[in-house]
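This report refers to the structure that appears directly beneath it.
Note that ligands are numbered from 1 as they come in the structure, with each ligand's atoms numbered from 1 the same way.
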Amino acid sequence: MEVKVGASTLELVEGDITRQDTDAVVNAANEALRPGGGVDGAIHRAGGPAIEAECRQLRGCPTGEARVTTGGNLKAGYVIHTVGPVYRDGSHREPELLASCYRESLKLASAQGIKSLAFPSISTGVYGYPIADAARIAVKTVTDYLAQHPEIERVRLVLFGRAAYEVYAQALKEL
Ligand code: AR6
């Protein structure tokens, strides 16, 4: 599924973040920027040790912020590492911090001259964010950014499995 936002394209696909041919892929990282499980583990396995070495130099990343490394052996030239909130009950700034992950990643892409990027569904695995709520925040934040930033040509939201894809497709339709 694909929609136009001004001059830019927002795309939803079911797939694996490590196989995307966008200029950058976004990693759902942790504050230490140490390789973990889920998307993070997959990106470090596929991208090779160069990414971890660069991460070590960065000395961590606070929740809601983003940092960039090269893409190692990935097709994507860059990895943007962002740290989603751990979901508790929704009243601990989780929505604001999750929106910030998408926005800060996009700002970093604009600053680096990255024209296309692929996001996974941040915080909805190990960090426990309810996916329907996370999907609404993701599509709204990305759409708002693209409307103001035509320099980003394409954002692809990469959902792992059909069920996650359907939730995001519904959120996009309702927007
Ligand atoms: N491609 C796309 N999406 C994927 C992939 C993949 N290869 N693998 C899993 N997903 P998670 P979080 C989906 O747990 O919740 C790590 O240990 C998955 O189904 O990767 O932000 C970090 O180091 C889920 O919907 O990220 C942190 O400690 C979504 O990606 C912590 O996990 C996110 O799941 C971050 O947790």
Side-chain angles (χ1 to χ4, degrees), residues 1 10-49 51-69 71-76 78-90 92-106 108 116-139 141-142 154-172:
M1 169 178 195
L10 171 59
E11 190 186 355
L12 301 187
V13 302
E14 184 187 342
D16 180 343
I17 194 81
T18 65
R19 303 176 69 89
Q20 304 305 313
D21 60 0
T22 41
D23 294 345
V25 295
V26 177
N27 182 19
N30 54 67
E31 286 194 328
L33 296 182
R34 291 276 185 263
V39 164
D40 194 18
I43 285 179
H44 280 282
R45 271 194 306 278
I51 299 175
E52 187 180 352
E54 283 182 60
C55 279
R56 215 171 288 127
Q57 304 295 317
L58 294 172
R59 307 199 172 279
C61 176
T63 300
E65 295 188 20
R67 302 286 185 270
V68 67
T69 66
N73 302 327
L74 297 172
K75 276 188 217 158
Y78 298 92
V79 177
I80 294 173
H81 305 264
T82 190
V83 184
V86 176
Y87 191 86
R88 289 161 72 186
D89 58 6
H92 292 80
R93 298 178 58 230
E94 294 96 330
E96 170 190 339
L97 288 166
L98 185 62
S100 175
C101 286
Y102 286 94
R103 206 161 39 238
E104 293 302 314
S105 297
L106 288 159
L108 205 48
S116 61
L117 64 168
F119 282 95
S121 176
I122 299 163
S123 279
T124 61
V126 174
Y127 282 178
Y129 211 114
I131 191 163
D133 297 338
R136 278 192 288 270
I137 292 168
V139 298
T141 308
V142 171
R154 177 173 296 266
V155 170
R156 184 179 292 159
L157 303 182
V158 180
L159 292 322
F160 207 51
R162 197 70 203 166
Y165 176 88
E166 294 298 346
V167 173
Y168 272 72
Q170 189 59 35
L172 187 55

Exercise for the section: Decide whether an N or O pair under 3.5 Å exists between G38 and ligand 1. Expected result: no
Exercise for the section: Ignoring angles and geometry beyond distance, decide whether R34 reaches within less than 3.5 Å of ligand 1 through its nitrogen or oxygen atoms. Expected result: no
Problem - N or O pair under 3.5 Å between V126 and ligand 1 - result: yes
Problem - Atom indices of ligand 1 within 4.0 angstrom of G37 heavy atoms, with elements - result: 16 (C), 17 (O)
Exercise for the section: Quick one: look up the protein heavy atom nearest atom 20 (O) of ligand 1 and list residue, atom name and how far away it is. Expected result: V39 N, 2.8 Å
Problem - Donor-acceptor contact below 3.5 Å, side chain E52 vs main chain G48 - result: no
Problem - Neighbour count above 12 (heavy atom, 6.0 Å) for R19 CZ - result: no
Handout entry: Backbone or side-chain N or O of P120 under 3.5 Å from ligand 1 N or O
Key = no
Handout entry: E104 backbone acceptor or donor facing E65 side chain under 3.5 Å
Key = no
Practice task
Tell me which protein heavy atom sits closest to atom 25 (O) of ligand 1, plus the residue, atom name and distance to 0.1 Å.
Solution key: T124 OG1, 2.9 Å
Problem - Within-shell test, G84 vs ligand 1, heavy atom, strictly < 4.0 Å - result: no
Exercise for the section: State if T18 counts as touching ligand 1 under the rule of any non-hydrogen atom under 4.0 Å. Expected result: no
Handout entry: Side-chain donor/acceptor of T18 to backbone N/O of I43, under 3.5 Å
Key = no
Problem - Heavy-atom gap A164 to ligand 1 smaller than 4.0 Å - result: no
Completion exercise
One finds that the ligand 1 atoms under 4.0 Å from a non-hydrogen atom of D16 are 1 (N), 6 (C), 7 (N)
Practice task
Please write down residue, atom name and distance for the protein heavy atom closest to atom 26 (O) of ligand 1.
Solution key: A28 CB, 3.6 Å
Handout entry: Proximal atoms of ligand 1 relative to G36 (non-hydrogen, under 4.0 Å)
Key = 17 (O), 23 (O)
Problem - Proximal atoms of ligand 1 relative to S121 (non-hydrogen, under 4.0 Å) - result: 29 (C), 33 (C)
Exercise for the section: Number the atoms of ligand 1 from 1 as they appear, then name those within less than 4.0 Å of a heavy atom of N30, with their elements. Expected result: 22 (C), 23 (O), 27 (C), 28 (O)
Problem - Heavy-atom proximity to atom 36 (O) of ligand 1, best of Y127, Y87, F160, F119 - result: Y127
